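Values below: all heavy atoms of this structure, side chains included; hydrogens, waters and symmetry mates excluded. Quick caveat, the model's predicted, so the values are computed rather than measured.
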Amino acid sequence: MPLHILVLGGTTEARRLAESLASTEGIRVTSSLAGRVSRPALPPGEVRVGGFGGPEGLAEWLRAHRVDAVIDATHPFAGTISFNAAAAARAVHVPLLALRRPGWVPVEGDRWHLTDSLAAAAELLPGLGTRVFLTTGRMGLAAFAPLDRTWFLMRSVDAPEPPYPPRMEVLLDRGPFRLEGERELIRRHRIDVLVTKDSGGEATAPKLTAARDAGIPVVVVRRPPVPPGVPVAGTPQEALALLRELVPALPEA
């Protein structure tokens, strides 16, 4: 019977990991997607969409589907599912590891303002600028809704739902984004402050360079921590190596 690996996915790294696992004989991989993005890029192997019903529901799913290991390769800001996965893995005694792309690091010339939440980011904005490039996604826009004197250019994959800021233009787009395009967005919309989450990775990093080149401040929301005790890998390759330490019976690719 093949080893069954559950990948909690939705990220580029999760798809790459699923590709490696699915191409290895003796491994059955199931990728779980939250279903918050329309038309997601589906990874190879089995795919399920939707929540599990909290840690208890996930634990029951792990038992029922005879899962041998779980890899939490969700978005760095998908904090709830990460803690649910940790609780469920403990309850079922299944190995768990997290795959998190490295966070961004400021360099010379950056004007970063670090915060721990979207609400804290919103509080900073009146003192930083009036035309905001908001790249935190369509969830959580309620934090910026009270800012009726600030204009927002909000970019996301899918259209947002209220509540959101009254003065807002929506740009529907999906990365990766190129540096010249980010520079043009900042210039054309007269952006004077950028707001982003520390998602890490290269697909959306050009906006940081464009902001640095334009000399505008950047409000960066720190990512939530990985649950205590969960080993972390930074790349799909590191995740596979760590998985083999946790599951010695895992077949070689």
Visitor: Can a donor-acceptor pair be found, under 3.5 Å and without considering hydrogens, that links the side chain of D198 to the backbone of G103?
Guide: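 Absent.
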Visitor: Does atom CZ (R178) have a neighbourhood of more than 12 heavy atoms from anything else shown, all under 6.0 Å?
Guide: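 Atom CZ in R178 is not crowded, with 12 or fewer foreign heavy atoms closer than 6.0 Å.
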Visitor: Over all heavy atoms of both residues, which pair between A210 and L179 is shortest? Give the atoms and the distance, please.
Guide: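 Looking at all heavy atoms of both residues, the shortest contact is N-CD1, 3.7 Å.
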Visitor: What distance do T115 atom OG1 and K197 atom NZ have between them, rounded to the nearest 0.5 Å?
Guide: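 Reported value, rounded in 0.5 Å steps: 10.5 Å.
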Visitor: Taking the basic N atoms (NZ, or NE/NH1/NH2) and the acidic carboxylate oxygens, is any pair closer than 4.0 Å for D116 and R222?
Guide: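 Salt bridge: yes.
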Visitor: As a quick check of understanding, evaluate side-chain contact (heavy atoms from CB on, under 4.5 Å) for L141 and L134, giving each step before the final call.
Guide: CA-CA 9 Å; L141 291 180; L134 186 60; 3.5 Å; yes
Visitor: Quick check: closest heavy atoms across A86 and V230, and the distance to 0.1 Å?
Guide: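 Smallest heavy-atom distance, with atoms named: CB-CG2, 4.2 Å.
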Visitor: How many angstroms lie between atom CE of M168 and atom CG of L147, to the nearest 0.5 angstrom?
Guide: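 Here the rounded value is 12.0 Å.
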Visitor: For atom CD of E238, is the number of surrounding heavy atoms from other residues, nucleotides or ligands below 6.0 Å larger than 12?
Guide: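 Correct, the count exceeds 12.
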Visitor: So R131 and V193, do their side chains get closer than 4.5 Å, heavy atoms only?
Guide: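 A side-chain contact is absent here, since even the closest heavy-atom pair is not under 4.5 Å.
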Visitor: Would a single hydrophobic cluster contain both F152 and F133, if residues Ile, Leu, Val, Met, Phe, Trp and Tyr are joined by side-chain heavy-atom contacts under 4.5 Å?
Guide: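 F133 and F152: separate clusters.
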Visitor: Kindly confirm or rule out a cation-pi arrangement of R155 over F177, judged by NZ or CZ under 6.0 Å from the six-membered ring centre and within 45° of its axis?
Guide: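 The answer is yes, since R155 meets both limits relative to F177.
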Visitor: Cluster question for you: counting only ILVMFWY and a side-chain heavy-atom cut-off of under 4.5 Å, with indirect links fine, are V218 and I186 together?
Guide: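 Linked within one cluster.
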Visitor: Are any non-hydrogen side-chain atoms of S199 and R101 less than 4.5 angstrom apart?
Guide: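 Yes, close enough: below the 4.5 Å cut-off.
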Visitor: Taking side chain as C-beta onward, heavy atoms only, is L3 less than 4.5 Å from P251?
Guide: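 Side-chain contact under 4.5 Å: yes.
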Visitor: Can a donor-acceptor pair be found, under 3.5 Å and without considering hydrogens, that links the side chain of D192 to the backbone of T130?
Guide: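 Yes: the side chain of D192 pairs with the backbone of T130.
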Visitor: Please tell me whether F144 and Y164 form a close aromatic pair, meaning their ring centres lie under 6.0 Å apart.
Guide: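 That pair fails the under 6.0 Å test.
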Visitor: Does this structure show an ion pair linking K207 with E182, if we count only N-O contacts that are shorter than 4.0 Å?
Guide: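 Salt bridge between K207 and E182, a charged N being under 4.0 Å from a carboxylate O: no.
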Visitor: Please find the pair of heavy atoms, one from L96 and one from A89, that lie closest to each other, and give the distance.
Guide: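 Taking every non-hydrogen atom into account, CB-CB, 3.8 Å.
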Visitor: Considering residues, nucleotides and ligands other than R16, do more than 12 of their heavy atoms fall under 6.0 Å from its CZ?
Guide: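 12 or below, so no.
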Visitor: Taking the side chain as C-beta and beyond, is there a heavy-atom pair between M154 and L171 under 4.5 Å?
Guide: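 No, their side chains stay 4.5 Å or more apart.
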Visitor: Give the C-alpha distance, both sets of side-chain angles, the deciding distance and a yes or no for side-chain hydrogen bond (donor to acceptor under 3.5 Å, both in side chains) between T196 and T135.
Guide: CA-CA 5 Å; T196 187; T135 64; 3.3 Å; yes
Visitor: Is any side-chain heavy atom of H189 less than 4.5 Å from a side-chain heavy atom of W151?
Guide: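 Yes, at least one pair of side-chain atoms sits under 4.5 Å.
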Visitor: Taking the side chain as every heavy atom from C-beta outward, state whether L97 and V232 have any atom pair closer than 4.5 Å.
Guide: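 A side-chain contact is absent here, since even the closest heavy-atom pair is not under 4.5 Å.
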Visitor: Could you tell me the separation between the CD atom of E60 and the CZ atom of R63, rounded to the nearest 0.5 Å?
Guide: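 The distance works out to 6.0 Å.
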Visitor: Spell out, yes or no, whether W104 and I216 are grouped together once hydrophobic residues are joined by side-chain heavy atoms under 4.5 Å, including indirect joins.
Guide: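 Yes; I216 is reachable from W104 via cluster members.
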Visitor: Between S82 and R100, do the side chains contain a donor N or O and an acceptor N or O under 3.5 Å apart?
Guide: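 There is such a pair (donor and acceptor under 3.5 Å, judged by atom type) between the side chains of R100 and S82.
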Visitor: Flag yes if L118 and L125 sit in one hydrophobic cluster, no otherwise; membership is Ile, Leu, Val, Met, Phe, Trp, Tyr, and two members link when side-chain heavy atoms are under 4.5 Å apart.
Guide: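 In one cluster: yes.
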Visitor: Can you tell whether the side chains of E46 and R28 come within less than 4.0 Å, N to carboxylate O?
Guide: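 Salt bridge flag = yes for R28 with E46.
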Visitor: Would L8 and V67 show up in the same hydrophobic cluster when neighbours are defined by side-chain heavy atoms closer than 4.5 Å?
Guide: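 Yes: a chain of side-chain contacts under 4.5 Å links L8 to V67.
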Visitor: Could you report the tightest heavy-atom contact between V107 and D110, atom names first, then the distance?
Guide: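 Reported closest heavy-atom pair: N-OD2, 2.8 Å.
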Visitor: Less than 4.0 angstrom from a charged side-chain N to a carboxylate O is my criterion; do D213 and R183 meet it?
Guide: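 Counted as a salt bridge, because a side-chain N and a carboxylate O are separated by less than 4.0 Å.
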Visitor: Would a 4.5 Å heavy-atom cut-off, applied to side chains only, mark L58 and L6 as touching?
Guide: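 Side-chain contact under 4.5 Å: yes.
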Visitor: Check E252 with R244, please: is the shortest side-chain N to carboxylate O separation under 4.0 Å?
Guide: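 Salt bridge: yes.
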Visitor: Got a donor-acceptor contact below 3.5 angstrom from the S117 side chain to the A120 backbone?
Guide: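 Yes; at least one donor-acceptor contact below 3.5 Å.
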Visitor: Where is the tightest heavy-atom contact between L21 and V7, given as atom of each residue plus distance?
Guide: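 Smallest interatomic distance, heavy atoms only, reads CD1-CG2, 3.9 Å.
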Visitor: Taking atom OG of S32 and atom CD1 of I71, what is their separation to the nearest 0.5 Å?
Guide: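 Nearest 0.5 Å value for the OG-CD1 distance: 13.0 Å.
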Visitor: May I have the step-by-step check of side-chain contact (heavy atoms from CB on, under 4.5 Å) for V157 and L172, ending in yes or no?
Guide: CA-CA 5 Å; V157 175; L172 299 181; over 6 Å; no
Visitor: How far does CG of D158 sit from CZ of R138, to the nearest 0.5 angstrom?
Guide: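 One finds 5.0 Å between CG of D158 and CZ of R138.
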Visitor: Take atom CZ in R48; do more than 12 heavy atoms of anything else shown fall under 6.0 Å from it?
Guide: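 Enclosed.
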Visitor: Do L208 and L194 come close enough that some side-chain heavy atom pair is under 4.5 Å?
Guide: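 Contact flag for L208/L194 side chains = yes.
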Visitor: Is the ring pair W61/F52 parallel, tilted or perpendicular, if the boundaries are 30 and 60 degrees?
Guide: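 Geometry flag for F52 against W61: perpendicular rings.
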Visitor: Between atom CG of L250 and atom CG of L243, what is the distance when rounded to the nearest 0.5 Å?
Guide: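 Result: 4.5 Å between the selected atoms.
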Visitor: Quick one about H65 and T30 (side-chain donor to acceptor, distance below 3.5 Å, no hydrogens or angles considered), yes or no?
Guide: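 No pair is found: no donor N or O on one side chain lies under 3.5 Å from an acceptor on the other.
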Visitor: Return the minimal non-hydrogen interatomic distance between L242 and P231, and the atom names on each side.
Guide: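 Shortest heavy-atom contact: CD2-CB, 3.7 Å.
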